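Below: the structure, in structure tokens.
All of these numbers come straight from a predicted model, not from anything done at the bench. Values reported hereafter were calculated over all heavy atoms of this structure, with side chains retained and with hydrogens, waters and symmetry mates removed.
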Amino acid sequence: MESVSYQRFPKIKIRTVRDDFMKFELRETDASIANALRRVMIAEVPTIAIDLVEIDVNSSVLNDEFIAHRLGLIPLKSDRAMAMRFSRDCDACDGDGQCEYCSVEFHLRAKCISDQTLDVTSKDLYSSDHTVVPVDFTDSSSEIDHPDSRGIIIVKLRRGQELNLRAIARKGIGKDHAKWSPAATVTFMYEPDIYINEELMETLTLEEKEEFVESSPTKVFDINPNNGQVFVCDAEAYTYDDEVIKKAEAMGKPDLVEITAKEDSFIFTVETTGAIKASQLFLNAIEILKQKLDAVRLSADTVEADEQFGELGAHMRGG
């Protein structure tokens with residue numbers, strides 16, 4: 001008996017892409033692949049974040065643990081994260097996590113010497129690697145001095161207060177701690193398929209059409225001012241709330257509109273923390289997902305070999 005192949009060939013169409021935002025379509029696949037991609041982007045694409053803080057002097061109002069926690073949540077540029085080693089796997093430093101292959105060192109020295117409050121921000125962190133620095137949220141196209149241009153505030157100091165510390169940033173993934181997650185949000189929705197029964201719609205008065213259009217919490221439908229016909233102006237604004245379905249039923253016309261979800265078509269929205277670009281996050285997630293699928297395939301082959309050769313197969317692998 002020939003085995004049945006369920007292989008599919010997903011297609012991707014990029015709609016919008018910016019450094020920290022991406023919107024794309026994923027078609028000809030099912031929800032399991034879409035959700036796997038979403039989960040990998042959130043929890044398994046590695047970035048670099050501060051993981052160890054040694055504080056020499058801290059006379060601020062915040063205790064050492066509070067400052068260490070705030071430092072860990074500062075997003076760092078992580079373009080080289082995929083090439084770095086995990087500290088636990090680094091043989092150059094025997095897993096100590098303090099060598100050039102698996103870590104980046106930061107220093108911060110700040111002291112307030114005036115009566116004006118001193119804001120200590122992420123821009124006061126000095127890195128040993130110029131490619132791994134705190135993310136700059138400044139809008140280069142704007143000439144207005146925005147508060148974000150000062151960096152992320154770590155602590156505020158008054159006259160005589162001082163902060164002096166050393167920090168070690170390491171590679172990690174969001175599954176271990178949220179500070180390593182490169183994604184602010186990753187969502188996907190089924191692409192809606194909306195069908196309007198034109199014959200039934202023509203039996204409605206203009207006032208009833210307006211009530212139908214306004215029954216949707218989001219702007220999905222609109223009325224053509226020239227011919228008075230109701231049309232779909234933005235199908236993706238539909239949130240599967242069924243309000244228009246309920247309105248049609250209340251009007252005694254349950255077949256007025258039919259809305260279904262395309263089970264093999266998804267619309268993704270990706271926002272990043274700035275640690276890596278949205279496009280790179282997507283590509284890294286695809287690569288990691290491929291590695292996971294290869295591992296599953298290898299595992300399946302191993303099980304098949306065990307079934308065929310029994311203890312001999314396990315012995316040959318050293319099991």
Is any NZ, NE, NH1 or NH2 atom of the basic residue among E236 and R15 found under 4.0 Å from an Asp or Glu carboxylate oxygen of the other?
yes
Once side chain to side chain contact (heavy atoms under 4.5 Å, CB included) is applied, do any residues pair with [X], and if so which ones, sequence neighbours excluded?
X    : result
R159 : D115
N224 : N226, N227, F231
P10  : L26, T29
K111 : I113, E162

Taking S60 for the side chain and L62 for the main chain, is one N or O donor matched with an acceptor at less than 3.5 Å?
yes
Whether the side chain of S78 engages the backbone of A81 through a donor-acceptor N/O pair (distance < 3.5 Å, no angle test) should be reported.
no
How would you list all residue pairs meeting side chain to side chain donor-acceptor pair (under 3.5 Å) that involve residues 281-290, not counting sequence neighbours?
Q280-N284
May I have all residue pairs that pass side chain to side chain donor-acceptor pair (under 3.5 Å) and include part of residues 62-72, sequence neighbours excluded?
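Only N58-D64 qualify under side chain to side chain donor-acceptor pair (under 3.5 Å).
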For the atom pair NZ (K77) and CG (D129), what is the distance rounded to the nearest 0.5 Å?
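If we round to the nearest 0.5 Å, K77:NZ and D129:CG are 13.5 Å apart.
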When rounded to the nearest 0.5 angstrom, what is the spacing between OG1 in T273 and CG in L73?
10.5 Å
By ring pair (Phe, Tyr, Trp, His ring centres under 6.0 Å), which residues pair with F188, not counting sequence neighbours?
F266, F268
Once ring pair (Phe, Tyr, Trp, His ring centres under 6.0 Å) is applied, do any residues pair with Y240, and if so which ones, sequence neighbours excluded?
Y238
Can you tell me if E191 and S265 form a side-chain donor-acceptor pair at under 3.5 Å?
yes
Taking atom types as modelled, find out whether D241 and T239 have a side-chain donor-acceptor pair closer than 3.5 angstrom.
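The answer is yes; a qualifying pair exists.
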Compile the donor-acceptor pairs under 3.5 Å between side chains in residues 30-51 and protein atoms, sequence neighbours left out, one pair per line.
{"unit_1": "D30", "atom_1": "OD1", "unit_2": "S32", "atom_2": "N", "d": "3.2"}
{"unit_1": "D30", "atom_1": "OD1", "unit_2": "S32", "atom_2": "OG", "d": "2.5"}
{"unit_1": "D30", "atom_1": "OD1", "unit_2": "I33", "atom_2": "N", "d": "3.3"}
{"unit_1": "N35", "atom_1": "OD1", "unit_2": "R38", "atom_2": "NE", "d": "3.0"}
{"unit_1": "N35", "atom_1": "OD1", "unit_2": "R38", "atom_2": "NH2", "d": "3.2"}
{"unit_1": "E44", "atom_1": "OE1", "unit_2": "K292", "atom_2": "NZ", "d": "3.0"}
{"unit_1": "E44", "atom_1": "OE2", "unit_2": "K175", "atom_2": "NZ", "d": "3.3"}
{"unit_1": "E44", "atom_1": "OE2", "unit_2": "K292", "atom_2": "NZ", "d": "3.4"}
{"unit_1": "T47", "atom_1": "OG1", "unit_2": "W180", "atom_2": "O", "d": "2.6"}
{"unit_1": "D51", "atom_1": "OD1", "unit_2": "K179", "atom_2": "NZ", "d": "3.1"}
{"unit_1": "D51", "atom_1": "OD2", "unit_2": "R170", "atom_2": "NH1", "d": "3.2"}

Using a 4.5 Å cut-off between side-chain heavy atoms of Ile, Leu, Val, Met, Phe, Trp and Tyr, which other residues end up in the same hydrophobic cluster as I168?
L52
Could you list the cluster mates of I173? Members are the ILVMFWY residues connected by side-chain heavy atoms closer than 4.5 Å, either directly or through other members.
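ILVMFWY cluster around I173 also holds F86.
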Specify the closest pair of heavy atoms between [X] and [Y], including all atoms of both residues, with the distance to one decimal.
X    : Y    : result
T272 : D19  : OG1-O, 4.0 Å
V135 : G274 : CG2-O, 3.4 Å
A169 : L76  : CB-CD1, 3.8 Å

For side-chain contact (heavy atoms from CB on, under 4.5 Å), just list the numbers for T185 and T269, CA-CA rounded to whole Å, side-chain angles, deciding distance to a tenth of an Å, and then say yes or no.
CA-CA 8 Å; T185 59; T269 301; 5.6 Å; no
So if I apply the salt bridge (Lys or Arg N to Asp or Glu O under 4.0 Å) rule between E28 and each of K11, K262, K13, R8, which one comes out positive?
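Filter result, single survivor: K11.
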Do F282 and F24 have ring centres separated by under 6.0 Å?
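That pair passes the under 6.0 Å test.
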Given L71 and I154, is the side-chain contact (heavy atoms from CB on, under 4.5 Å) satisfied, shown in steps?
CA-CA 7 Å; L71 288 168; I154 300 170; 3.6 Å; yes
Assess the residue pair Y126 and L108 against the criterion (side-chain contact (heavy atoms from CB on, under 4.5 Å)); give the C-alpha distance rounded to whole Å, side-chain angles, the decisive distance to 0.1 Å, and a yes or no.
CA-CA 6 Å; Y126 294 94; L108 188 153; over 6 Å; no
For atom NZ of K156, is the number of surrounding heavy atoms from other residues, nucleotides or ligands below 6.0 Å larger than 12?
no
With sequence neighbours excluded, residues passing salt bridge (charged side-chain N to carboxylate O under 4.0 Å, His left out) with R85
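Expected list: D91.
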